[in-house]
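Model, not experiment: these values are computed from the prediction.
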Amino acid sequence: ALVAARKKVFKQRTPAWLTDFDKLKIKCIYQIAAMLTRENKEPWHVDHIIPLQGNLVSGLHVPSNLRPMRGLENIGKKNKFEVSYA
C-alpha cells in the first residue's frame with residue numbers, strides 16, 4: 001500500500017510538459033545513485049530538493065529538483081525544505 005501511494009504521488013507531481021530528454025535525465029540520476037550505492041557500499045537515494053509532499057512547499061518530479069544523496073542524510077532530511085541565505 002505504501003509503494004502504491006508513493007507511485008501515485010510521483011505521478012501527480014510529474015508534469016505533463018516533461019520532454020523525453022527530461023525523462024532520460026531523471027533515469028540517469030537514479031542510475032548514478034545506484035552506481036554510488038555499489039561503489040561506496042552504502043545506500044544512496046535520489047533526493048527531491050523541494051519535497052513532493054512538504055509542509056510549506058511541494059516540488060515537482062523534474063530533473064532540476066533531483067540529486068543523489070547518501071541514504072542516511074536523506075532519511076534525516078525527511079520532508080523538510082531549508083532555505084539558506086548567503
Legend entry - Atom pair NZ (Lys27) and CD (Gln31), whose distance is rounded to the nearest 0.5 Å: 5.5 Å
Legend entry - Exceeds 12 heavy-atom contacts within 6.0 angstrom, atom CG of Asp20: no
Inset, instruction - Look only at the side chain of Arg70 and the backbone of Glu42, and say whether a donor-acceptor pair between them is shorter than 3.5 Å. - result: no
Inset, instruction - May I ask you to decide if Met69's main-chain N or O and Asn74's side chain share a donor-acceptor pair within less than 3.5 Å? - result: no
Legend entry - Hydrophobic cluster membership, Leu72 vs Leu36, 4.5 Å side-chain cutoff: no
Inset, instruction - Please round to the nearest 0.5 Å and tell me the distance separating atom OH of Tyr30 and atom CE of Met35. - result: 16.0 Å
Legend entry - Verdict with supporting geometry, His61 and Leu18, side chain to side chain contact (heavy atoms under 4.5 Å, CB included): CA-CA 10 Å; His61 187 65; Leu18 278 185; 5.8 Å; no
Legend entry - Under 3.5 Å: donor-acceptor pair, side chain of Asp22, backbone of Thr19: yes
Legend entry - Gap between atom CG of Leu52 and atom CZ of Arg6 - 0.5 Å precision: 7.0 Å
Inset, instruction - Can you see which heavy atom on Pro68 is nearest to which on Ile29, and at what distance? - result: CD-CG2, 4.3 Å
Legend entry - Inter-residue atom distance Asp47.CG - Asn65.CG, 0.5 Å rounding: 8.0 Å
Legend entry - side-chain contact (heavy atoms from CB on, under 4.5 Å) partner of Val46, chosen from Ile32, Leu66, Ile26: Leu66
Inset, instruction - Might you point out which heavy atoms bring Ser58 and Arg13 nearest each other, and give the distance in Å? - result: O-NH2, 3.2 Å
Inset, instruction - Go through Trp44 and Glu39 one step at a time and tell me if the side chain to side chain contact (heavy atoms under 4.5 Å, CB included) criterion holds. - result: CA-CA 10 Å; Trp44 281 70; Glu39 295 299 317; over 6 Å; no
Legend entry - Over all atoms of both residues, closest heavy-atom pair of Pro51 and Ile49: CD-O, 3.6 Å
